[in-house]
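Read the structure below first, then the notes.
Model, not experiment: these values are computed from the prediction. Reminder, nothing fancy here: chain letters follow the sequence lines and each chain counts from 1. As a basis for the values below, the full set of heavy atoms in this structure was taken, side chains included, without hydrogen atoms, waters or symmetry mates.
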Amino acid sequence: MDLAPLYLSLKLAFVTTVVLVIVAAPLTYLLVYIRFAGKSLFEALLTLPMVLPPTVLGFYLLLVMTPQGNIGRFWKAVTGVPLIFTFSGIVLASLVYSLPFAIQPMKAAFEKIDRRLLESAYVLGLSPLSTFFRVIIPNAVNGLAASAILVFIHTLGEFGVILMVGGSIPGETKVASIAIYEAVEALRYRDAAMMCLVLVPISYLFLLLIDRLTRRRIYGT
Amino acid sequence: MELNISIRKKLPHFDLDVSFSCRKSRLLALVGPSGAGKTTIIRIVAGLDRPDEGRITYNGEVWVDTDKNIFLPPQERHLGYVFQEYTLFPHLTVARNVAFSADNNEDVPSLLQRFNIWHLKDRKPDKISGGERQRCAICQAIARRPRLLLLDEPFSALDAVTRQNLRQEVRKLKRELSIPVIHVTHDISEALYLGDDVLPMVGGRIVRKWMVQFMLKGRSQERERFTKKMDGYGSRDRRDLSVLYDSLEVMQ
């Protein structure tokens with residue numbers, strides 16, 4: 001069995017998870033605590049990748065990521081290499097694709113925090129930024145972890161979007177899900193089965209972990 | 001040290017319109033039925049809500065002046081606020097809650113000892129009782145050496161014995177802290193026990209000012225005097241006021 005696609009999948013999932021948790025936390029703060037015009041439109045836009053067919057999302061990403069597209073051109077100007085059909089390209093696509101999966105559990109965790117805790121922090125002299133780091137984040141740790149795990153397994157299972165913007169370049173964009181598909185196409189069922197056998201327990205274990213983390217903890221008496 | 005307040009705010013069922021002042025080492029109790037606007041007043045004093053109109057000054061420093069568009073955020077008012085319940089940080093131990101914004105960390109052990117929660121210092125808030133949590137909340141509020149202390153029904157969720165113990169502690173505390181203290185309660189006996197001045201409130205208005213040291217003798221005259229003023233109030237407010245006066249007379 002070729003382990004490179006599995007390794008690439010794990011690497012992609014890891015990078016996407018780290019970046020998304022950092023990006024999603026302030027976005028979620030914005031959605032939960034700040035009032036602004038067009039908030040529901042903004043939120044729906046961020047959630048859109050969750051409901052769009054991956055090929056549709058992949059198609060639009062492909063358009064903007066080619067050297068003629070806005071993002072592709074910008075990327076080439078800054079780094080000197082194209083974005084499309086590269087590892088960086090599939091990272092960017094995964095970020096967009098998994099963003100709603102990062103935001104949803106975080107949002108639930110932030111909403112569970114009693115507003116009076118934040119007011120108490122303000123009265124105690126904390127700025128909103130310090131309150132974010134010293135009160136909100138520590139009390140949403142489980143939600144953050146659930147986000148991270150969900151993003152990780154969601155990225156492991158990504159197929160359509162990567163196929164659109166990454167293709168299948170061994171060692172660069174050929175992740176496990178694509179390698180499995182190709183193995184089946186080539187009637188190499190044994191290879192496909194081996195990789196599937198690795199992915200299923202990983203995903204299952206992570207799901208169990210999420211369940212543990214998000215189970216409600218009650219402020220007892 | 002004196003806090004001066006004169007504010008108006010439109011609330012869903014009535015208009016809040018109050019003016020009063022509070023001097024250092026004195027405890028001012030706002031007493032009235034729930035929904036009289038008491039909590040809104042101290043939230044405005046703390047900077048958690050804004051009045052529609054009005055002015056709040058502390059020692060000449062302007063905290064709020066709607067005419068001049070001045071609003072000092074809660075972070076800059078440097079006050080202590082004890083909420084009704086559940087505002088300790090659940091992820092921190094008792095000691096770290098108290099030290100959270102302590103002016104000087106060396107104060108923390110003595111405060112914990114004074115309020116009898118030293119033995120709980122390493123526990124999280126969900127592992128201690130309601131009374132212990134409120135002791136911790138009081139320590140947290142005074143650890144930063146506030147310029148003003150606000151108490152919003154801090155004992156209402158406690159059982160009678162715990163409540164009485166904590167009242168005694170707050171009574172001692174107010175003498176030691178030489179800052180103004182505002183205490184909100186719906187319990188008139190608590191107001192008279194703790195307060196130097198008591199402001200009975202109904203429907204967003206302060207009815208009059210009771211100076212506790214003078215009024216304990218002549219309660220019936222107080223009622224008589226007041227009955228004459230009742231005309232200005234609506235039927236619901238009158239009923240609330242009668243209840244307030246009844247409980248005043250029942251008290252020994």
Side-chain angles (χ1 to χ4, degrees), chain A residues 21-22 25-26 28-30 32-37 105-149 209-210 212-221, chain B residues 39 42-43 45-49 72-93 96-103 123-134 136-137 139-152 157-159 162:
Chain A
V21 168
I22 295 169
T28 309
Y29 180 87
L30 205 68
V32 176
Y33 296 110
I34 311 286
R35 275 195 226 169
F36 57 92
M106 259 188 227
K107 198 174 160 216
F110 283 17
E111 279 167 350
K112 244 197 287 183
I113 299 174
D114 196 323
R115 298 257 164 162
R116 287 172 296 182
L117 279 187
L118 310 192
E119 293 185 336
S120 178
Y122 297 155
V123 171
L124 288 167
L126 257 67
S127 66
L129 189 68
S130 317
T131 304
F132 178 72
F133 285 111
R134 286 183 67 187
V135 178
I136 297 175
I137 294 294
N139 283 297
V141 168
N142 285 0
L144 293 181
S147 267
I149 294 170
L209 207 60
I210 293 187
R212 269 197 91 93
L213 288 170
T214 50
R215 214 168 284 163
R216 246 171 82 81
R217 270 180 50 197
I218 296 162
Y219 198 129
T221 46
Chain B
T39 295
I42 62 172
R43 286 179 58 84
V45 172
L48 297 172
D49 271 337
L72 199 69
Q75 287 89 346
E76 289 168 37
R77 299 191 186 190
H78 206 93
L79 45 83
Y81 192 147
V82 180
F83 294 76
Q84 206 162 344
E85 52 178 337
Y86 295 160
T87 50
L88 292 174
F89 300 110
H91 62 295
L92 299 177
T93 61
R96 294 192 58 196
N97 259 291
V98 174
F100 191 79
S101 70
D103 192 52
R123 299 234 198 125
K124 296 272 179 73
D126 61 351
K127 296 279 183 281
I128 61 178
S129 73
E132 288 160 348
R133 278 206 285 271
Q134 288 309 70
C136 181
C139 289
Q140 187 188 55
I142 60 179
R144 62 191 311 237
R145 299 187 182 160
R147 300 191 287 174
L148 168 71
L149 185 62
L150 304 174
L151 307 168
D152 185 5
L158 307 177
D159 64 86
T162 313

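Within a 6.0 Å sphere centred on CZ of R147(B), other residues, nucleotides and ligands contribute more than 12 heavy atoms. More than 12 heavy atoms of other shown residues, nucleotides or ligands fall within 6.0 angstrom of atom CZ in R116(A).
Between V135(A) and F100(B), the shortest heavy-atom contact is CG2-CZ, 4.0 Å. Of all non-hydrogen atoms in S120(A) and F89(B), the two that sit nearest each other are OG-CZ, 4.2 Å.
Within residues 122-130 of chain A, the residues that have a heavy atom under 4.5 Å from a heavy atom of chain B are Y122(A), V123(A), L124(A), G125(A), L126(A), S127(A), P128(A), listed by number.
Contact of Q140(B) with chain A is made through backbone and side chain together, with heavy-atom distances under 4.5 Å. Of the atoms belonging to R144(B), it is side-chain heavy atoms, and not backbone ones, that fall under 4.5 Å from chain A.
The shortest side-chain heavy-atom distance between L117(A) and P90(B) falls under the 4.5 Å cut-off. Contact check for E119(A) versus Y81(B): no side-chain heavy atoms found under the 4.5 Å cut-off.
Once rounded to the nearest 0.5 Å, the distance linking CG of L48(B) with CZ of R115(A) reads 13.0 Å.
H91(B) places no side-chain N or O within 3.5 Å of a backbone atom of A140(A) that could act as its donor or acceptor partner.
Between chain A and the residues A141(B), G47(B), G80(B), P74(B), the largest count of heavy-atom pairs under 4.5 Å involves P74(B).
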